[in-house]
Every structure is written in C-alpha cells, then in structure tokens.
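Just below is one structure, and these are the notes that go with it.
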Amino acid sequence: KRTVPAVIVIFGGTGDLAKRKLIPALYNLYLDGRMPQNFQIIGLGRTDLENSAYREKLFNDLSVFSRSGVPSLEEWEGFACRLYYFRSSIESFDSYSGLEEKIEAAEIGFGERSDRIFYLSVAPRFIAKVTENIKLAGLADGLDHDRIIIEKPFGHTKTSAVELNELLTSSFSEKQIYRIDHYLGKETVQNILSLRFANALFEPLWNAEYIESVDITVAEKIGVEGRGSYFEAAGALKDMIQNHLLQILSMVAMESPDIIEAEHIRDRKVELLKAIRRIPVEEVREFVVRGRYGSGTIDGKDVVGYLEEDGVHQDSITETYVALNFFIDNPRWAGVPFFLRTGKRLLEKSSSVKVNFRNQAEGPFRDIYGGDQLPNRLLINLQPGTDIRLRLNAKKPGVNTGLRTAEMIFDFGADNQYSPEAYETLISDMLAGDPSLFMRADQVNEAWDVIMPVLDAWSQGSDDLLVYTAGIAPEELIIPHTYRTDIDELTS
Ligand code: BG6
C-alpha cells in the first residue's frame with residue numbers, strides 16, 4: 001500500500017467517463033490493494049445530489065461497467081465511505097473555496113497533507129478556466145505532490161493545443177501535468193514495444209526492405225452513446241486519430257529507445273511524428289476518406305443514424321469514420337504505406353495492427369506461387385481479442401511441393417494473467433508519480449501538426465463525406481485510392 005494519502009477530485013464526477021471508466025478503475029485498484037491506505041474521492045457536478053444518492057448511482061454504474069461485476073456489499077461499503085459529492089459550478093471561483101474546505105477536512109482526517117489529484121474529465125472549453133481557478137485558489141501548490149490530469153482532446157487545433165500547453169505550464173510544472181491517452185494504458189498496446197525490442201526476430205525485418213505495408217484499425221460497434229454534442233465538435237479525426245491511432249502508429253514505427261524509460265520513449269515518438277509526411281491540403285482527398293453512419297442494424301437491432309442522435313445538428317458534417325494513408329519519411333520506412341482507419345457503428349469492436357511483409361514470390365517456391373503462398377503477416381490484435389498471430393507458409397501435407405498457410409499464435413488472455421484495465425494502470429502510475437504512459441506536450445503538438453492539413457482541407461467543403469450503413473464491416477468501406485494493398489489481403 002502507498003503510504004502518502006490522496007484526495008482525488010474529479011471534475012465531471014457525474015459524467016460518462018467517470019461512470020464508465022474512472023470510478024470502476026479506482027474501485028478495482030482499491031480491491032487489489034493498490035490505492036493508498038488513506039484516500040478520498042470527491043466527485044464534482046452541477047446537479048444537486050446528496051452523498052448517499054451519488055454513492056447509490058455509482059454503485060449501479062459499477063455493477064454495469066466494472067470488470068469485477070456487481071460489487072459485494074462489504075467491499076463496496078469500504079470504498080463508498082470514501083466517496084463524496086460536491087455540487088459546484090466549475091467556472092465560478094467561489095466553488096473553489098468550498099472545494100478547498102472539503103479537501104482540508106479530508107486531510108484533517110488523515111492527519112497529514114495529502115497528494116491532491118485534480119482529474120479534469122470535462123469538455124475541452126472548460127480546461128483553461130478550471131486549471132486557472134485551481135491555481136488561483138492555491139489548491140495545487142505542492143509541486144511534488146499535486147497533479148492535474150487532463151483528458152483528451154487536448155486543444156482542437158495545433159494552435160489551441162500550443163496555447164493550452166503554455167497556459168498549463170505557466171501555472172504548473174511539467175511534472176505535475178498528466179495528459180491522458182488511455183490507449184497507452186492498454187496492455188496490448190504497451191506490448192508492441194516488448195514485441196519489437198525484446199525479441200531478436202522482428203527488429204531486423206522491421207523496415208521497408210521486408211515490410212510492404214502496415215494497417216492500423218480501431219473499429220467500434222458503439223455509436224456516440226449520448227455524447228452527440230461532444231462528438232459534433234470532435235469527429236473521428238480529432239477524437240481517435242489525433243491521439244489513439246497516432247500513438248499506436250508511433251509505437252509500431254518509432255526507432256528503438258536506448259532504454260525503456262519515459263523520456264527516451266517520448267523522444268523517439270516525437271521524432272516519428274515529425275517524420276510523418278504532411279499531406280498537402282490540396283491532396284487530402286486522395287489520401288483521406290471520411291464518412292458518417294446512417295441508420296442500420298447491429299446485432300439484430302435497428303439503430304439510428306448519426307444525424308438522429310441527441311445533440312447532433314441536422315446539417316452536421318462531422319465524420320464518424322476516417323481512413324487515411326500516411327507515409328513516413330525516414331530511411332526505415334521509405335515508401336511503405338501506413339493505413340489508419342477508425343469508425344463507429346461498424347460490424348464489431350475490433351482493433352488491430354497488421355504488419356504485412358513482402359511476399360517471397362521470387363523464392364524457390366515461385367512456380368507454385370499465386371496458388372498457395374501468401375506473404376507473411378503479423379497480426380497484433382489489441383482488443384477485444386488480445387492475441388498475436390504470425391502467418392507462415394508451411395508444407396501442405398501429402399503434396400510434394402504444395403504450400404498452405406499456418407499461424408503461430410500467442411494469446412495474451414490465455415494464461416489468465418492479471419490484466420488491468422487501461423485506466424487502472426494509468427491512475428496507478430499517476431498516483432506513483434510515473435509519467436511514462438502519459439503524453440508530453442511536444443507529442444501532443446506534433447500529433448496535431450500531422451492532422452492539421454486534413455482539418456484545413458475539410459473546412460473547405462464536405463461533398464466527400466460518405467454515408468455508410470450502421471453495422472457495415474470496415475472492409476466494405478471506401479479507403480483512400482492511394483493505398484494499394486489489395487482488398488482480399490486486407491480482409492483475410
Ligand atoms: C475515447 C473516445 O477516447 O475512446 C471514444 O472519445 C471512443 O469516442 C473510445 O469510443 C474508445 O476507447 P476503447 O478503450 O473502448 O477502445
């Protein structure tokens with residue numbers, strides 16, 4: 001158990017993220033004995049709620065969203081007695097003195113000053129005001145102890161991200177700022193580095209000489225889930241590509257860090273982001289495809305189209321699907337297309353990285369090539385499947401020269417090892433003061449720089465926005481014509 005007590009203040013304590021991810025993560029850390037001996041969680045919100053009603057609501061949410069299922073009453077009570085609700089208006093400075101009293105009351109109970117953690121799970125437009133008020137109220141003056149956690153999207157353009165970073169660093173030290181990209185907390189995403197750099201097998205082949213193309217797909221079955229008004233201002237490019245998919249790409253393509261340590265890894269990632277070729281604004285339509293889901297059927301149920309979702313404007317041009325083709329201008333990846341795509345309301349939830357190796361058509365099996373020999377492919381399933389599959393060619397039994405494909409499979413889930421949720425890992429690291437899995441300011445800025453030409457091109461007109469039927473397989477959606485891997489290969 002950690003010995004320093006902690007007060008965790010959640011701005012957006014009644015919001016979607018708190019209910020689906022943050023409270024379940026904190027609860028499971030508590031069950032696993034990974035919370036400090038003394039801690040208190042204060043959820044902030046605008047509605048008028050008693051502590052007891054807040055606790056009851058979270059109990060119900062936990063039963064749905066926690067990986068450990070319905071809490072046992074005994075365990076729940078041990079956790080719930082540390083949960084408080086504070087009604088506040090986050091833009092009004094007065095609320096912050098009330099908050100201070102709450103925090104101090106907790107600290108009197110602990111008998112010492114705690115680590116104060118401010119989790120900003122609020123709409124981006126509130127971030128500046130909230131951080132300013134935290135600073136002005138002197139709530140986070142313990143430089144080595146107090147932290148602020150910022151959820152994405154971090155800014156809405158490169159300029160606004162740079163400004164936000166300037167604002168944050170004028171009030172807090174970089175050590176106090178934790179920018180979350182929850183994909184970095186996923187075990188299977190972290191494993192990309194282990195796979196690449198802890199094995200002799202892959203790294204020598206991990207380059208343009210042996211790799212033909214790389215596909216990164218994050219497909220979701222869900223729609224906007226009541227977050228229509230947030231999504232309207234975001235869209236899939238800002239919501240998913242700017243952060244999660246570019247992070248995955250960085251891990252797949254970055255050069256080797258000298259050592260697995262936060263700053264080394266972040267340096268290599270920034271170099272990689274800088275090396276991504278910026279798509280000229282006038283060529284965006286060739287390299288990028290966008291779409292929006294219409295109504296359709298998922299799991300046998302009819303679902304509404306994006307325009308019918310709550311909070312969505314009738315004349316919306318927000319995209320729920322993006323597919324784009326990047327190139328990386330460095331010696332390792334010269335000429336190799338990277339294909340990134342993500343979408344909502346697709347057939348199934350499935351995220352993966354496919355590393356497509358070049359075929360061996362000129363090798364000794366050339367005469368029977370085209371029949372049975374397929375290029376090697378490393379398929380890294382990130383979620384919900386958690387396995388890694390290496391496709392090989394092997395002898396066809398009973399036939400002298402024939403080939404068949406075989407797969408070597410490593411299944412992460414199979415050995416039933418303890419596998420925490422992304423938010424558990426991230427919150428636990430943050431409580432321990434370890435920033436390795438969080439975003440440094442320059443990473444965020446560079447990732448914006450990569451997507452800015454797309455945003456600029458899209459602001460000039462939207463007649464390229466396609467409408468797809470909810471429930472469609474991602475392979476059936478249009479992809480940029482610059483990406484030339486054949487469709488069979490993509491879907492197999
Ligand atoms: C969030 C996005 O960051 O990631 C959501 O805002 C998206 O729109 C979610 O649904 C996907 O996360 P996961 O962990 O379910 O893949």
Side-chain angles (χ1 to χ4, degrees), residues 12 15-25 28 64-67 119-125 127 149-156 178-192 216-249 251 290-293 298 303 306 309-312 316 318-322 340-353 380-386 412 419-427 437-439 444 447-448 451 470 474:
D16 194 63
L17 187 77
K19 123 177 146 185
R20 283 173 191 266
K21 301 285 187 186
L22 304 184
I23 298 292
N28 285 314
V64 180
F65 297 111
S66 163
R67 71 175 164 87
Y119 201 116
L120 273 65
S121 169
V122 292
R125 65 180 187 282
I127 291 178
I149 326 296
I150 315 273
E151 268 293 334
K152 55 150 271 266
F154 196 86
H156 54 276
Y178 286 70
R179 301 172 193 83
I180 284 228
D181 181 322
H182 80 279
Y183 268 57
L184 298 183
K186 292 184 191 273
E187 294 280 312
T188 47
V189 173
Q190 291 170 38
N191 188 51
I192 294 171
I216 300 175
T217 303
V218 176
E220 295 189 278
K221 190 150 67 170
I222 58 170
V224 288
E225 303 289 292
R227 296 157 76 223
S229 57
Y230 154 77
F231 206 80
E232 272 292 90
L237 186 72
K238 294 184 195 172
D239 186 53
M240 300 293 289
I241 303 270
Q242 189 273 342
N243 35 75
H244 306 326
L245 277 89
L246 282 178
Q247 280 304 310
I248 299 173
L249 172 62
M251 295 176 84
R290 57 175 158 164
R292 166 180 80 213
Y293 62 83
I298 293 194
V303 297
Y306 178 71
E309 301 276 14
D310 284 348
V312 172
S316 168
T318 301
E319 79 291 350
T320 61
Y321 168 82
V322 187
L340 275 56
R341 69 180 152 180
T342 184
K344 293 194 182 292
R345 282 288 188 231
L346 298 177
L347 179 66
E348 55 187 12
K349 182 176 173 90
S350 156
S351 305
S352 65
V353 177
I380 305 173
N381 280 317
L382 303 173
Q383 65 181 27
T386 55
F412 242 107
S419 187
E421 282 271 339
Y423 273 95
E424 290 170 44
T425 305
L426 294 173
I427 291 174
L437 298 177
F438 293 81
M439 309 274 289
V444 176
W448 277 112
I451 68 155

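First listed ligand is number 1; within each ligand, the first listed atom is number 1.
- With contacts defined as side-chain heavy-atom distances shorter than 4.5 Å, the pair L426/Y178 does not qualify.
- Scanning for side-chain contact (heavy atoms from CB on, under 4.5 Å) contacts around P124 gives P153, with sequence neighbours left out.
- Near ligand 1, K152, H182, Y183, K186, E220, I222, R227, D239, M240, H244, K344, K349, Q383 each place a heavy atom less than 4.0 angstrom from the ligand.
- A cation-pi arrangement is absent between K152 and F154, since the terminal nitrogen or guanidinium carbon is not both under 6.0 Å from the aromatic centre and inside a 45° cone about the axis.
- Residue pairs meeting the salt bridge (charged side-chain N to carboxylate O under 4.0 Å, His left out) criterion with at least one partner in residues 217-236, sequence neighbours excluded, are R20-E225, E220-K344, K221-D299.
- Looking only at side-chain heavy atoms (C-beta outward), Y306 and V224 come within less than 4.5 Å of each other.
- Partners of T217 according to the side-chain hydrogen bond (donor to acceptor under 3.5 Å, both in side chains) rule, which considers only residues two or more places apart in sequence or in another chain, are R341.
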